[in-house]
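Remarks on the structure that follows.
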Amino acid sequence: MDVDPRDYEHVKINDNDVRKIVLSYLVHNCFKETAETFISCTGMKRSVDCSVDIDKRKPIYKHVMEGNVLKAIELTNQLAADLLQSNKDVYFDLLTLHFVELVRSKDCTGALEFAQKELRPFTSGKHLERLQDCMALLAYEDPETSPLFSLLSMDHRQSIADALNRAVLVHANLPSYTSMERLIQHITVVRQRLHQELGKVWLFKQVSDMFYLPLLDGSLQDGPPVFGLASYLKS
């Protein structure tokens, strides 16, 4: 059950609020040129901290996306020496990504030497299963067509780049998620909760009706559709 557009078309939205949401997304994801163009076109006030922040984070993000993991680690340590030591999950992801890149380049000897030197501390606990998956890549002649191909995908690189970017932002006392992401998360949860409550009302009505008017097929009909962001954006 969707919300009737007539129920919210009269709600006024402040243009400045929308612009701030868009700008926060651009800055968060290091789209410096686009952010500067957006600021210029909309007449928003330029923040010096905004450009400086992007200049520090963008090279790190870029190196991860290009598979230059060791350079990304070096720049991260220069920016915040204790960041990776206090974010073991992110550090582990970066190290395993470098291992994967060595395997991709067919440097299996280098990959093994790197694993023995850098990944040994992660051979127990919650990281073990992921580490075993990475090591298993060595068994395949063509890892990119193996069942573990996702470890070599651009999506995998991006997820690690995003996690590192969030860690850098948190270390600088900045929001780890954009206003747009938080807004979408909030809307999704609210719509899902609404669906659950409507489902309870619908089920009560259906059960009550069974005592007075039996359904033709003898079973309960489908309830209100579950909210999904992807389907909502297509509507």
Side-chain angles (χ1 to χ4, degrees), residues 24-32 35 49-105 107 110-138 143-144 146 148-186 188:
S24 76
Y25 178 83
L26 297 175
V27 172
H28 177 99
N29 291 288
C30 302
F31 299 132
K32 182 180 178 180
D49 293 338
C50 165
S51 296
V52 172
D53 171 59
I54 294 178
D55 287 339
K56 291 179 179 179
R57 291 185 294 111
K58 187 172 183 177
I60 297 174
Y61 192 95
K62 181 173 180 287
H63 281 302
V64 176
M65 290 301 297
E66 292 176 349
N68 301 323
V69 183
L70 296 185
K71 186 62 178 179
I73 291 175
E74 177 187 338
L75 293 178
T76 302
N77 288 332
Q78 291 175 5
L79 180 63
D82 62 333
L83 190 152
L84 294 178
Q85 292 303 317
S86 59
N87 288 271
K88 293 294 186 181
D89 290 347
V90 175
Y91 189 39
F92 172 75
D93 285 341
L94 288 168
L95 293 177
T96 52
L97 181 59
H98 180 64
F99 174 87
V100 167
E101 295 305 322
L102 289 172
V103 174
R104 187 201 300 272
S105 64
D107 186 4
L112 283 171
E113 291 175 350
F114 179 80
Q116 291 172 350
K117 180 181 178 181
E118 301 292 345
L119 294 173
R120 188 178 294 275
F122 300 97
T123 54
S124 61
K126 62 179 181 179
H127 299 111
L128 180 58
E129 184 175 352
R130 173 70 69 82
L131 181 57
Q132 289 174 332
D133 286 343
C134 292
M135 297 298 295
L137 288 171
L138 293 169
E144 296 192 56
S146 73
L148 300 168
F149 71 93
S150 62
L151 293 175
L152 295 97
S153 68
M154 287 301 296
D155 286 343
H156 183 59
R157 281 187 188 178
Q158 184 167 353
S159 68
I160 295 175
D162 287 340
L164 178 57
N165 187 46
R166 286 194 296 271
V168 171
L169 287 166
V170 170
H171 190 273
N173 295 318
L174 294 170
S176 59
Y177 289 88
T178 68
S179 301
M180 185 180 298
E181 289 171 312
R182 286 304 190 199
L183 183 60
I184 292 174
Q185 289 170 338
H186 180 78
T188 301

Item to complete: Locate the shortest heavy-atom distance separating Cys30 from Lys58; write the atom from each residue and the value.
Response: O-CD, 3.5 Å
Practice prompt. Looking only at non-hydrogen atoms, find the nearest pair between Ile54 and Pro59 and report the distance.
Written response: O-CD, 4.2 Å
Discussion item. Donor-acceptor pair, distance only, cut-off 3.5 Å: does the side chain of Arg57 make one with the backbone of Val27?
Written reply: yes
Practice prompt. Starting from the C-alpha separation in whole Å, work towards a yes-or-no answer on side-chain contact (heavy atoms from CB on, under 4.5 Å) for Val69 and Ile73.
Written response: CA-CA 6 Å; Val69 183; Ile73 291 175; 4.1 Å; yes
Worksheet entry | Side chain to side chain, Val100 and Cys134, heavy atoms closer than 4.5 Å | yes
Discussion item. Minimum heavy-atom separation for Ser179 and Ser24, please, with both atom names.
Written reply: N-OG, 3.5 Å
Worksheet item: Should the pair His127 and Phe122 be assigned to parallel (<30°), tilted (30 to 60°) or perpendicular (>60°) ring geometry?
Response: perpendicular
Practice prompt. Indicate yes or no: does Lys117 engage Glu113 in a salt bridge with an N to O separation below 4.0 Å.
Written response: no
Worksheet item: With sequence neighbours excluded, what pairs up with Ser176 under the side chain to side chain contact (heavy atoms under 4.5 Å, CB included) test?
Response: Arg166, Val170, Arg182
Discussion item. Please check this pair: side chain of Asn165 against backbone of His28, looking for a donor-acceptor N/O pair closer than 3.5 Å.
Written reply: yes
Discussion item. For a side-chain contact (heavy atoms from CB on, under 4.5 Å) check, start with the C-alpha distance between Phe99 and Leu151, then their side-chain angles and the critical distance, and finish with the verdict.
Written reply: CA-CA 10 Å; Phe99 174 87; Leu151 293 175; over 6 Å; no
Worksheet item: Does the side chain of Thr76 reach to within under 4.5 Å of the side chain of Leu94, using non-hydrogen atoms?
Response: no
Discussion item. Is the shortest side-chain heavy-atom distance between Tyr91 and Glu118 below 4.5 Å?
Written reply: yes
Discussion item. If you compare all heavy atoms of Asn87 against all heavy atoms of Leu83, which two are closest, and at what distance to 0.1 Å?
Written reply: ND2-O, 2.8 Å
Worksheet item: Are Glu101 and Arg157 close enough that some pair of their side-chain heavy atoms sits under 4.5 Å apart?
Response: yes
Worksheet item: Is it true that a side-chain atom of Asp107 and a backbone atom of Gly110 form a donor plus acceptor pair closer than 3.5 Å?
Response: yes
Worksheet entry | Leu95 side chain reached by Phe114 side chain, heavy atoms, under 4.5 Å | yes
Item to complete: Determine the minimum heavy-atom distance between Leu138 and Ala111, stating which atoms define it.
Response: CD2-CB, 4.4 Å
Practice prompt. Answer yes or no: is there a side-chain heavy-atom contact under 4.5 Å between Leu112 and Met135?
Written response: yes
Practice prompt. Mind listing the closest non-hydrogen atom pair of Leu79 and Val168 along with its distance?
Written response: CD2-CG1, 3.6 Å
